[in-house]
Number of protein chains: 2
Amino acid sequence: MTKQMSDSMEPAEVKRTEALSAEIFTNIANKWALLIINTLGEGTMRFTELCAAVEGVSHKMLAQTLRILERDGVVNRLVHPTVPPRVDYSLTDAGLMLRTTVNAMCVWTRQHVHHIDQARQRFDERQV
Amino acid sequence: MTKQMSDSMEPAEVKRTEALSAEIFTNIANKWALLIINTLGEGTMRFTELCAAVEGVSHKMLAQTLRILERDGVVNRLVHPTVPPRVDYSLTDAGLMLRTTVNAMCVWTRQHVHHIDQARQRFDERQV
DNA sequence: CTGTATCCCATACGATACTG
DNA sequence: CAGTATCGTATGGGATACAG
């Protein structure tokens, strides 16, 4: 995770970068963040649309996760000064790159559902 | 996530597959599972080696997460009947495929640390 | 519509101790 | 060494209500 770091970096700077990496990874390596990123890959969406598109996410977790992703420069938030308010969410360039890897994870899941289902049955039998 | 499902499937079967997908995704879409999968991609490791290699993981979470990944057919667990016991963990074929996508996530994180750091500073300024 | 705030419960997690 | 069990705390996360 923290390998291949530039040799020209000060030890203190290296340490800070490692801490940042861990923090960033923690922010994106969770169910809601990954599902939101994957869904937003399909295009710009409003808050309510996202809430409906991301299976099982609550109002609260969507807002909370979107703030984190916005702060980390993964998600763009465009507010239209209208009444009622309209907010468009989309992926940044960095977010789009991340999304390709996230989507690969989703594809992997779909492709291995059956395989995993059988692995589980074998495991559960073994454990009596 | 649950698109592109075979047309030849019964409605009940489709529903079960969707539920399984969501469950599997929840199992792998968390910090420890992803870090463990990524680390195991470097090769077979023993429990204690893994515990040291995965930055910040506790004894308990490692054991717990390994069980889940083993059950889902992502991780192989090979017990040597010796004293003291020796257990080798490695990725299954399915796990290896998954690992390439997980590793891409890790690479993305490393490559965007600086970019994200700046995005955060801009965000925090804006929020006063 | 797009949030934020509060309450409250369930689970995640670390620390520690114990077993084969 | 490689776990499992227990305990206490912290965080995740749903439901609801409220505000701009």
Side-chain angles (χ1 to χ4, degrees), chain A residues 22-37 39-40 43-72 74-90 123-124 126-128, chain B residues 19 22-37 39-40 43-72 75-90 123-124 126-128:
Chain A
E23 205 182 308
I24 294 165
F25 190 80
T26 303
N27 281 349
I28 58 178
N30 74 77
K31 186 178 172 179
W32 298 133
L34 293 178
L35 285 179
I36 289 169
I37 289 168
T39 303
L40 271 184
T44 298
M45 297 180 90
R46 300 178 58 174
F47 186 86
T48 316
E49 288 178 299
L50 253 180
C51 212
V54 177
E55 184 68 30
V57 76
S58 71
H59 197 76
K60 176 187 172 181
M61 288 314 295
L62 181 59
Q64 193 173 113
T65 308
L66 279 173
R67 295 303 287 212
I68 292 172
L69 295 178
E70 185 197 355
R71 186 169 111 97
D72 281 359
V74 172
V75 162
N76 281 135
R77 181 167 173 269
L78 182 61
V79 183
H80 295 89
T82 57
V83 178
R86 175 196 177 96
V87 181
D88 285 330
Y89 287 98
S90 59
F123 181 91
D124 293 345
R126 231 178 301 143
Q127 310 298 312
V128 183
Chain B
E23 204 181 308
I24 294 165
F25 190 80
T26 302
N27 281 350
I28 58 177
N30 74 76
K31 186 178 171 178
W32 298 133
L34 293 178
L35 285 179
I36 290 169
I37 290 167
T39 302
L40 271 183
T44 299
M45 297 179 89
R46 300 177 61 173
F47 186 87
T48 314
E49 288 178 301
L50 251 181
C51 211
V54 177
E55 184 68 29
V57 76
S58 71
H59 197 77
K60 177 185 172 182
M61 289 314 296
L62 182 59
Q64 195 174 112
T65 308
L66 280 172
R67 282 266 104 80
I68 292 173
L69 294 179
E70 186 196 355
R71 186 168 110 99
D72 281 1
V75 161
N76 281 135
R77 181 166 172 272
L78 180 61
V79 183
H80 297 89
T82 58
V83 178
R86 175 196 178 97
V87 181
D88 286 329
Y89 286 98
S90 59
F123 181 91
D124 293 343
R126 232 179 301 143
Q127 310 298 311
V128 183

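Below, chain A is the first sequence line, B the second, and so on; all start at residue 1.
- Shown here is A:Glu55, whose CD atom has no more than 12 heavy atoms of other residues, nucleotides or ligands within 6.0 Å.
- Between B:Phe47 and B:Tyr89, the ring planes are tilted. Angles from 30° to 60° get that label.
- In this structure, A:Ile28 CD1 and A:Thr65 OG1 are separated by 13.0 Å, a value rounded to the nearest 0.5 Å.
- We find that CH2 of A:Trp32 is positioned 11 Å from C1' of D:dG12, with the value rounded to whole Å.
- A:Asp72 places no side-chain N or O within 3.5 Å of a backbone atom of A:Val74 that could act as its donor or acceptor partner.
- When all heavy atoms of A:Cys51 and A:Ser58 are compared, the pair lying nearest together is SG-C, 4.4 Å.
- For B:Tyr89 and D:dC1, the shortest distance from a side-chain N or O to OP1 or OP2 is not below 4.0 Å.
- A heavy-atom distance below 4.0 Å to DNA chain C is reached by these residues of residues 45-54 of chain A, ordered by number: A:Arg46, A:Phe47, A:Thr48.
- Between A:Pro85 and B:Pro84, the residue whose closest nucleotide on DNA chain C is further toward the 5' end is A:Pro85.
- With a heavy-atom cut-off of 4.0 Å to chain B, the contacted part of DNA chain C has its first and last nucleotide at C:dC13 to C:dG20.
- Every side chain to side chain contact (heavy atoms under 4.5 Å, CB included) that A:Asp88 has, sequence neighbours left out, goes to A:Thr44, A:Arg46, A:Leu78, A:His80, A:Arg86.
- Atom CG in A:Leu62 sits roughly 14 Å away from atom C1' in D:dG14 (whole-Å rounding).
- Atom C1' of nucleotide D:dG12 and atom NZ of A:Lys31 are separated by 12 Å, given to the nearest angstrom.
- D:dG12 atom P lies 19 Å from atom NE2 of A:His59, rounded to whole Å.
- Here D:dG3 presents its P atom at 12 Å from CZ of B:Arg86, a figure rounded to the nearest Å.
- In this structure, CD of A:Gln127 is placed 12 Å from P of D:dG3, rounded to the nearest angstrom.
- An OP1 or OP2 oxygen of D:dT4 is reached within less than 4.0 angstrom by a side-chain nitrogen or oxygen of B:Arg67.
- If you find the closest nucleotide of DNA chain C to B:Val57 and to A:Ala63, the one lying nearer the 5' end belongs to A:Ala63.
- Remark: C1' of D:dG14 and CE of A:Met61 are 10 Å apart, rounded to the nearest angstrom.
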